[in-house]
2 protein chains.
Amino acid sequence: MRRPDARPLYVQVEAILNDRIVSGSWKSGQAIPAEPELAAELGVSAGTLRRALAGLERRHLIERRQGRGTYVAQQTSQQALGQFFRVRNLAGRPVEPETLITGITTGPASEEEARRLRLAPGEAVHRIDRSRVFEGEPRIAERISLPAAFFPNLLLPLAPKQLGTEIYVHYRNAHGIIVVQAEENLSATAATEADSAVLGCPVGTPLLLIERVTFDAAGRPVELRVSRLDTRAHRYAVEIA
Amino acid sequence: MRRPDARPLYVQVEAILNDRIVSGSWKSGQAIPAEPELAAELGVSAGTLRRALAGLERRHLIERRQGRGTYVAQQTSQQALGQFFRVRNLAGRPVEPETLITGITTGPASEEEARRLRLAPGEAVHRIDRSRVFEGEPRIAERISLPAAFFPNLLLPLAPKQLGTEIYVHYRNAHGIIVVQAEENLSATAATEADSAVLGCPVGTPLLLIERVTFDAAGRPVELRVSRLDTRAHRYAVEIA
DNA sequence: CGTCTTGTGTCTTATACAAGACTGTGCGAC
DNA sequence: GTCGCACAGTCTTGTATAAGACACAAGACG
């Protein structure tokens, strides 16, 4: 007979540890047990455990510091920005966005929202409309759609204050949702009147349209974000390795 | 006194093996010595060697096949496409582009070409103008600029035949240049008359402008490519992990 | 304020076995 | 005799274990 679980041991261990983080039994920022101790608890060798930890580190779920210990990653605004925010100025430097919330609503999912977020048609979603301001100029108009089931009524009361900064930090701290991956589809589109009003560009200006679906550590889609970027003074940077 | 080379041993080994591939002493597609043999030759343990090999595999410089051996990666058209070509149709599926060469010239580098390719002002570059055709429709107009120093007069005689397919394969086979990394800057722009003629879209149609600089395994910029993508039926897909 | 000790992650080595891939042998069918 | 197939042997990479030296961080101690 074969092993009950054919996956390599280090993969299984990684899944176990991933679960501990996702389920919240290891909390954000907390130190996890030392390697020898953890290896003993799980009944695997130190090497196997280290291989599993390397996987978690690659996905930014933990941070390892030689001499100090290993910690469940604390999603800071800085990190979330570096990890997910790809807008640069013309000199190639990252920009520090400010945020202006322009509206928050809740309603049934549109066809596209349901499809991208894998929801049943008509399921409730929260929508946040906001603009992002770089160096004093509004450059992005975006709408964020969230499955209401994942973000129960908590959302609305907080409003602009928490949602102004990088929103993923808020997801994590308030809802225990750990964002680890995103898929984006880019295209070009012409500025509508609404875009023009928000971004201060002429109607018809070519904009970079970014459609992002974000996934949590359990692989569930947790956010649909449609951004319209005015590229007259900024670029979207991609590294291909 | 410290170690002469403070980098970890596995990093040093990876650099050595990287050099063997870049310098051509291990040729594309060739099998490299078996792990125990190579480890002995380099005077390191099997574990250390394996860690170095893992790094090379991650950068697609080698391919390892259990039971068969480890081979210097052969850049096939398929691979190059999967690795560097991010255009998808509206269903999210990769497209198979055909290519139409519209012009090949050589001349002194423009200011931008010199800056992006790290050339002295006025150094010679080859330029290839071509369009890429998806499902019968031309969707990309692009210009590829290559430092003439890296691609000596070989280039012109070959012309459309070899340059039609994925060009990176040609780089590798004919010039020994191994492409491993690229940086892209994306923005939106309006179709010019020239774009309109090539792509068959109205002047002013928003296009996705892709400015790519490609680097070889030694870290040198070897290509500047400016592509203009008609996004009416296609998207540029990015995965963020 | 420097030094020591302790606890942590990092690197390197060594060994064993598992699993995939190829080769050749030998047996049986025809 | 020759073809075809099963199977053992052997070479390869992949997985897992164990042990020790090392480097870094923090706190205790003098």
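Here is how names work: the chains are called A, B, and so on, in the same order as the sequence lines, proteins then strands, and each is numbered from 1. When reading the values below, keep in mind they use all heavy atoms of this one structure, side chains included, and skip hydrogens, waters and symmetry mates.
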**Q** I need the OH-C1' distance between B:Y71 and C:dG20, as an integer number of Å.
**A**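 Interatomic distance, OH of B:Y71 to C1' of C:dG20: 12 Å.
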**Q** To the nearest 0.5 angstrom, please state how far the OG atom of B:S131 sits from the CG atom of B:L100.
**A**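 Here the rounded value is 4.5 Å.
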**Q** Hey, could you give me the CZ/CZ distance between B:R116 and B:R212, rounded to the nearest 0.5 Å?
**A**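 One gets 13.0 Å once the value is rounded to the nearest 0.5 Å.
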**Q** Taking OP1 and OP2 of C:dC11, is either one under 4.0 Å from a side-chain nitrogen or oxygen of B:T48?
**A**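 Checking C:dC11 against B:T48, no side-chain N or O comes under 4.0 Å of OP1 or OP2.
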**Q** Can you tell me the distance, in whole Å, between the CZ atom of B:R7 and the P atom of D:dA23?
**A**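 After rounding, the reported distance stands at 17 Å.
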**Q** With no hydrogens and no angle check, do the side chains of A:S28 and A:Q74 hold a donor and an acceptor under 3.5 Å apart?
**A**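 The answer is no; no qualifying pair exists.
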**Q** Which atom pairs, one a donor and one an acceptor, fall under 3.5 Å between side chains of residues 87-94 of chain A and the rest of the protein, sequence neighbours left out?
**A**
from, atom 1, to, atom 2, distance (Å)
A:R88, NH1, A:F85, O, 3.1
A:N89, OD1, A:A91, N, 2.9
A:N89, OD1, A:G92, N, 3.1
A:N89, OD1, A:R93, N, 3.0

**Q** Nearest 0.5 Å, please: how far is CZ in B:R130 from CD1 in B:I101?
**A**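 Here the rounded value is 6.0 Å.
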**Q** Calculate, to the nearest 0.5 Å, the distance between atoms CZ and CZ belonging to B:F84 and B:R225 respectively.
**A**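 Output value for this atom pair is 9.5 Å.
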**Q** Quick check on the helix from C:dC1-D:dG30 to C:dC30-D:dG1: what's the angle between its two end axes, five base pairs per end, to the nearest 10°?
**A**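 End axes: 10° apart.
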**Q** What are the two closest heavy atoms between B:P147 and B:V222, and how far apart are they?
**A**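 For B:P147 and B:V222, the tightest heavy-atom pair comes out as CD-O, 3.3 Å.
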**Q** Please list, by residue number, the residues of residues 39-47 of chain B whose heavy atoms come closer than 4.0 Å to an atom of DNA chain D; answer none if no residue qualifies.
**A**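 By residue number: none to list.
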**Q** Tell me which donor-acceptor pairs under 3.5 Å the side chains of residues 46-60 of chain A have, and how far apart each pair is, sequence neighbours excluded?
**A**
from, atom 1, to, atom 2, distance (Å)
A:T48, OG1, A:S45, OG, 3.2
A:R50, NH1, A:E35, OE1, 3.2
A:R50, NH1, A:E35, OE2, 3.0
A:R51, NH2, A:Y10, OH, 3.3
A:R59, NH2, A:N18, OD1, 2.9
A:H60, ND1, A:Q83, NE2, 3.3

**Q** Can you give me the closest heavy-atom contact between B:F151 and B:H126, atom names plus distance?
**A**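 Scanning both residues, the minimum pair turns out to be O-NE2, 2.9 Å.
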**Q** Using the 3.5 Å cut-off, write out each protein N or O paired with an N or O of nucleotides 23-25 of chain C and the distance between them.
**A**
none

**Q** N/O contacts under 3.5 Å, protein versus nucleotides 8-10 of chain C?
**A**
from, atom 1, to, atom 2, distance (Å)
C:dT8, O2, A:G67, N, 3.4
C:dG9, OP1, A:T70, OG1, 3.3
C:dG9, OP2, A:E35, N, 2.9
C:dG9, N2, A:Q66, OE1, 3.3
C:dT10, OP2, A:R50, NH1, 2.8
C:dT10, OP2, A:R50, NH2, 3.2
C:dT10, OP2, A:R64, NE, 3.3
C:dT10, OP2, A:R64, NH2, 3.0

**Q** How many angstroms lie between CD in A:E63 and CD1 in A:I32, if you round to the nearest 0.5 Å?
**A**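 Output value for this atom pair is 11.5 Å.
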**Q** Looking at CD of B:E123 and CZ of B:R118, how far apart are the two atoms once the value is rounded to the nearest 0.5 Å?
**A**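 Reported to 0.5 Å precision, the distance equals 13.5 Å.
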**Q** So, is the end of the A:R220 side chain (NZ or CZ) under 6.0 Å from the ring centre of A:F215 and within 45° of the ring's axis?
**A**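 Verdict for A:F215: no cation-pi partner in A:R220.
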**Q** Report the distance from atom CD of A:Q12 to atom P of D:dG14, rounded to the nearest whole Å.
**A**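 To the nearest whole Å, that distance equals 19 Å.
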**Q** Going by atom types alone, do B:S25 and B:R20 pair a side-chain donor with an acceptor below 3.5 Å?
**A**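 Looking only at side-chain atoms, B:R20 and B:S25 do not form any donor-acceptor pair under 3.5 Å.
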